[in-house]
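Only one structure is covered here, and it is reproduced in the block below.
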2 protein chains.
Amino acid sequence: MPRQRDDTVYEETQATIKAIARQQMAEDGTAAISLRGIGRSMDMTAPALYRYYPTRDDLITALIVDGFNGLADALEAADAALDTQPLPERLFGVLVAYRQWAIVHRVDFQLIYGNPIPGFAAPREVTVPAVIRTFVPVVRLMEMALQSGALVPKPPYDAIPAAIEQHEQALIAEGGYPISALAYHLTMIGWTQVHGIIVLEMYEHLGPNVGDVDQFYEAAIRALLTSMGTRW
Amino acid sequence: MPRQRDDTVYEETQATIKAIARQQMAEDGTAAISLRGIGRSMDMTAPALYRYYPTRDDLITALIVDGFNGLADALEAADAALDTQPLPERLFGVLVAYRQWAIVHRVDFQLIYGNPIPGFAAPREVTVPAVIRTFVPVVRLMEMALQSGALVPKPPYDAIPAAIEQHEQALIAEGGYPISALAYHLTMIGWTQVHGIIVLEMYEHLGPNVGDVDQFYEAAIRALLTSMGTRW
DNA sequence: ATTGTAAAGTAAACAGTGATTACTCTTTGA
DNA sequence: TCAAAGAGTAATCACTGTTTACTTTACAAT
């Protein structure tokens, strides 16, 4: 609607709105995003915000996209920071960074991977590519480990059910990634394991059962990578 | 407050309220529980519901407790139904039942393991024991498998980090369960894996990536059990 | 310098929400 | 028979997202 003389102040206002929304979430949970509350915090009335986001769901969608990108950035940064390490440790380190980001950015993680709002669900055409970006660093390291012999797939992790391999292969071809189906598949398994621990931890279900979640996480991930055939 | 002459009609009304709340959730998601809406559906005004649940959060807590018990019941039923099967298949079958319940009772699962409402979190003193009940069947089968030799723990799944073993051992002693720390620990790992797949599937993140989630789940669980040392 | 136009913001209102209070029936046990 | 307690209601408070109609502000071109 706007976009004429001063684009930057418009975008700055959008950024301010998102920042305050994030702050509200951090204080009172993902569902606490309130347009009227945001308005109050920046000396504006609620309807004025509609000049910047046509609806509350659009604001939330914007926050979700930011969240995915933040996670992807963190993983890429961890990957880059560990580039002198041997491949298995690098892969492990990126997975540790994954959980680290989730814990530090608690509500963002809940927002992007949880059940943020009433009937609201972010449009898949925006989330699916965003999700893919978050495990590109992982799947790439996995592929490198496979090719370099740092990971020699060991039964039962040396095979993929036919129907799934076909689907994964199609996705890889579609995206044009230089990746084997096995690297992709092992990443999916690792991803689900990582995610399960983080989610249970986040909602206070895991801590009471294992005590030190840090140690549990690292042990579980190392065990999984080992059982896949990682040579440390 | 009540509890005098006619307890049963009081409890029936409570049950009706919960049933309608569940129906509302099923239609419009976990956050769609509205006291006024429930009232409308049963020809009552909203304030009248406060005779049965002092606050909306108490109603939700009751629904959560029901949810945990429903899941636990389903697992116990699956366990019982499979009692002629060999132990590994029985364990596998119970884990399949876990996901089955989650998919059939979508919103109940989201309610008990997710982030149901604004700042709301069910009191831990009620959820923790309920959670424990849900994995009693699993941990028992795990112990039986270990003792019978159907599961011979294989590295790296034959050891537990010291601090965690200590915590788990204390929990076991506290509850007085006839269970080894290893059985408990392997259950925790399996639980987190199961949970990760279900949660990602539930919010439409996994399906697009692997296609047939049924197959992915069964393959992943079989692979995990195998790598732990299961003899099928 | 003035004017016209579009962007930015506001006030008021609508239809909801959970929760509380004060009140009225209705049933029942002594 | 009648007081007491249970069950329910109407009215109200303080919120929410959203829409509409209106006003202010600021800039660009005449």
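These numbers come from a predicted model, not from an experiment. The sequence lines fix the lettering, A, B, ..., with proteins before strands; numbering per chain opens at 1.
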Worksheet item: Would the Tyr10(A) and Tyr52(A) ring centres measure less than 6.0 Å apart?
Response: yes

Response to the item:
In terms of heavy-atom contacts, Leu49(A) and Gly39(A) come closest through CD1-N, 4.0 Å

Worksheet item: What's the shortest heavy-atom distance between Ala62(B) and Lys18(B), and which atoms?
Response: CB-CD, 4.1 Å

Discussion item. Could you work out, with side chain to side chain contact (heavy atoms under 4.5 Å, CB included) as the rule, every residue matching Ala48(B), not counting sequence neighbours?
Written reply: Met44(B), Thr45(B)

Item to complete: Not counting sequence neighbours, which residues clear side-chain hydrogen bond (donor to acceptor under 3.5 Å, both in side chains) with Asp108(B)? List them please.
Response: none

Protein-nucleotide distance ([X], atom [atom1]; [N], atom [atom2]), rounded to Å:
{"X": "Leu49(A)", "N": "dT19(D)", "atom1": "CG", "atom2": "P", "value": "13 Å"}
{"X": "Leu35(B)", "N": "dG16(C)", "atom1": "CG", "atom2": "C1'", "value": "13 Å"}
{"X": "Tyr52(A)", "N": "dT10(C)", "atom1": "OH", "atom2": "C1'", "value": "13 Å"}
{"X": "Arg56(B)", "N": "dT17(C)", "atom1": "CZ", "atom2": "P", "value": "11 Å"}
{"X": "Ile38(A)", "N": "dT16(D)", "atom1": "CD1", "atom2": "P", "value": "11 Å"}
{"X": "Gln14(B)", "N": "dA7(D)", "atom1": "CD", "atom2": "P", "value": "10 Å"}
{"X": "Asp57(B)", "N": "dT20(C)", "atom1": "CG", "atom2": "P", "value": "11 Å"}
{"X": "Arg51(B)", "N": "dT26(C)", "atom1": "CZ", "atom2": "C1'", "value": "13 Å"}

Worksheet item: How do Thr13(A) and Pro47(B) order along DNA chain C: which one's closest nucleotide is nearer the 5' end?
Response: Thr13(A)

Practice prompt. Take Thr45(A) and Ala46(B), find for each the nucleotide of DNA chain C with the closest heavy atom, and name the residue whose nucleotide sits nearer the 5' end.
Written response: Thr45(A)

Worksheet item: Is any side-chain N of the basic residue among Arg140(A) and Glu76(A) closer than 4.0 Å to the acidic one's carboxylate O?
Response: no

Distances under 3.5 Å between nitrogen or oxygen atoms of protein and nucleotides 12-15 of chain D:
none

Worksheet, complete the sentence: Here the side-chain hydrogen bond (donor to acceptor under 3.5 Å, both in side chains) pairs for residues 205-220 of chain A, sequence neighbours left out, are Arg99(A)-Asp214(A), Asn209(A)-Tyr184(B)

Item to complete: Look at the side-chain N and O atoms of Thr55(A) and state whether any lies under 4.0 Å from the OP1 or OP2 oxygen of dG17(D).
Response: no

Worksheet item: For residues 15-27 of chain B, which residues have at least one heavy atom under 4.0 Å from DNA chain D?
Response: none

Discussion item. Gln24(B) vs Ser34(B), test: side chain to side chain donor-acceptor pair (under 3.5 Å). Steps then yes/no.
Written reply: CA-CA 8 Å; Gln24(B) 279 193 352; Ser34(B) 141; 4.9 Å; no

Worksheet item: Under the ring-ring contact (aromatic ring centres under 6.0 Å, His included) rule, what pairs show up with a residue in residues 12-32 of chain B, not counting sequence neighbours?
Response: none

Worksheet item: Which nucleotide in the list dT10(C), dT9(D), dT18(D) gets nearest to the side chain of Tyr50(A)?
Response: dT18(D)

